[in-house]
Trainee: 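Before we start, here is the structure in question, set down as structure tokens.
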Amino acid sequence: TKDELEEDEDYEDLESGDDDDDFISSIDTSQFRPGFKIIQKHVPSLRVDTIIASGLNVSRKKIDDNFYSGKLRLNGEKVVKKSHPVKENDRVDLIGDVDEKIGKRILKRVFLFKIFDQASKNNKSKVVLVTWKTGLFEDDAYKNIHE
């Protein structure tokens, strides 16, 4: 919808600069579970709902629906306030639908790897997120990214 498109403009994908490329290439990914993607964004806030919507590139309305259905987790705990602030090394999970072949619920994860500054361009924070859109399941909500 038009509102969802406007809302998603709150999250700006960053064009990589040399410093950013150096930082991303310096990240030790050997301990990450397979299927991850590293992205940089400017986000309007460091709230749970903002970080997961930005990392998964979905509308805040979809995140709101999942929040009210009890499907958001912060570091393995059910999110009780979608405005709860997140910090570096926090992981935000979205519990999805059941994968019929495996019989488990699909999990999508956003790991807040780095916050460069609390407020920068247009009063937004520059962050590095590690995301998993596939390959994780509900049991993984209670494990960190290295397990």
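Atom set for the values below is all heavy atoms of this structure, side chains included, hydrogens, waters and symmetry mates excluded.
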Trainee: Given K82, which partner from the list N66, D49, D64 fulfils the side chain to side chain donor-acceptor pair (under 3.5 Å) test?
Mentor: D64

Trainee: Between OG of S59 and CG of D65, what distance do you get to the nearest 0.5 Å?
Mentor: 7.5 Å

Trainee: Could you walk me through whether K101 and D99 pass the salt bridge (charged side-chain N to carboxylate O under 4.0 Å, His left out) check?
Mentor: CA-CA 6 Å; K101 293 179 187 171; D99 181 319; over 6 Å; no

Trainee: Pair L94, L107 - check side chain to side chain contact (heavy atoms under 4.5 Å, CB included), show working.
Mentor: CA-CA 6 Å; L94 172 63; L107 175 76; 6.0 Å; no

Trainee: Indicate yes or no: at least one non-hydrogen side-chain atom of R73 is less than 4.5 angstrom from one of I95.
Mentor: yes

Trainee: Are I27 and V128 packed together at the side-chain level, in the sense that at least one heavy-atom pair is separated by less than 4.5 angstrom?
Mentor: yes

Trainee: Given V86 and R91, is the side chain to side chain contact (heavy atoms under 4.5 Å, CB included) satisfied, shown in steps?
Mentor: CA-CA 8 Å; V86 291; R91 62 188 195 281; over 6 Å; no

Trainee: For a 4.5 angstrom cut-off between non-hydrogen side-chain atoms, does R33 reach L136?
Mentor: yes

Trainee: Identify the two heavy atoms, one from G103 and one from V98, that lie closest to each other, and give their separation to 0.1 Å.
Mentor: C-CG1, 4.0 Å

Trainee: Test of understanding: clusters of I, L, V, M, F, W, Y form through side-chain heavy atoms closer than 4.5 Å, transitively. Do F137 and F32 belong to the same one?
Mentor: no

Trainee: Going through the distances and angles, do N89 and L112 end up as a side chain to side chain contact (heavy atoms under 4.5 Å, CB included)?
Mentor: CA-CA 5 Å; N89 298 314; L112 181 53; over 6 Å; no

Trainee: Is atom CD of E88 surrounded by more than 12 heavy atoms (other residues, nucleotides or ligands) closer than 6.0 Å?
Mentor: yes

Trainee: Do the non-hydrogen side-chain atoms of I115 and L46 ever get within less than 4.5 Å of each other?
Mentor: yes

Trainee: Does a side-chain heavy-atom distance below 4.5 Å link D93 with V110?
Mentor: no

Trainee: Are F36 and F111, when compared by the centres of their aromatic rings, separated by less than 6.0 Å?
Mentor: no

Trainee: Hey, what do you get for CZ (F113) to CD (Q40), rounding to the nearest 0.5 Å?
Mentor: 11.0 Å

Trainee: Indicate, with yes or no, if I39 and V58 share a hydrophobic cluster defined by side-chain heavy-atom contacts under 4.5 Å among Ile, Leu, Val, Met, Phe, Trp and Tyr.
Mentor: yes

Trainee: Within the 4.5 Å heavy-atom criterion, are H84 and E77 side-chain neighbours or not?
Mentor: no

Trainee: Can you tell me if CG on D139 sees more than 12 non-hydrogen neighbours from other groups inside 6.0 Å?
Mentor: yes

Trainee: Mind checking whether V80 and Y68 sit in one hydrophobic cluster, side chains of I, L, V, M, F, W, Y counted as touching below 4.5 Å?
Mentor: no

Trainee: Under the side chain to side chain contact (heavy atoms under 4.5 Å, CB included) criterion, do K133 and L56 qualify, and how do the steps go?
Mentor: CA-CA 7 Å; K133 291 186 180 182; L56 297 179; 4.0 Å; yes

Trainee: What pair of heavy atoms forms the shortest contact from S54 to L129, and how long is it?
Mentor: OG-CD1, 4.3 Å

Trainee: Using salt bridge (charged side-chain N to carboxylate O under 4.0 Å, His left out), reason through D90 and K87 one step at a time and then give a plain yes or no.
Mentor: CA-CA 6 Å; D90 278 349; K87 58 192 181 315; 3.3 Å; yes

Trainee: Are the side chains of K37 and V130 in contact, using a 4.5 Å heavy-atom criterion?
Mentor: no

Trainee: Would a hydrophobic clustering, with Ile, Leu, Val, Met, Phe, Trp and Tyr connected at side-chain separations under 4.5 Å, put I24 with W132?
Mentor: yes

Trainee: How long is the straight-line distance from CD1 of I63 back to OG1 of T50, given to the nearest 0.5 Å?
Mentor: 10.0 Å

Trainee: Using every non-hydrogen atom in the two residues, find where G96 and R105 come nearest and quote the distance to one decimal.
Mentor: O-NH1, 2.8 Å

Trainee: What heavy-atom pair brings F67 and L72 nearest, and what distance separates the two atoms?
Mentor: CB-CD1, 3.7 Å

Trainee: I want to check something: taking the side chain as every heavy atom from C-beta on, are K41 and N57 in contact at a cut-off of under 4.5 Å?
Mentor: yes

Trainee: So which atom in V43 and which in I51 form the shortest heavy-atom distance, rounded to 0.1 Å?
Mentor: CG2-CD1, 4.1 Å

Trainee: Could you tell me which non-hydrogen atom of P44 sits nearest to which non-hydrogen atom of K124, and how far apart they are?
Mentor: CA-CG, 3.9 Å

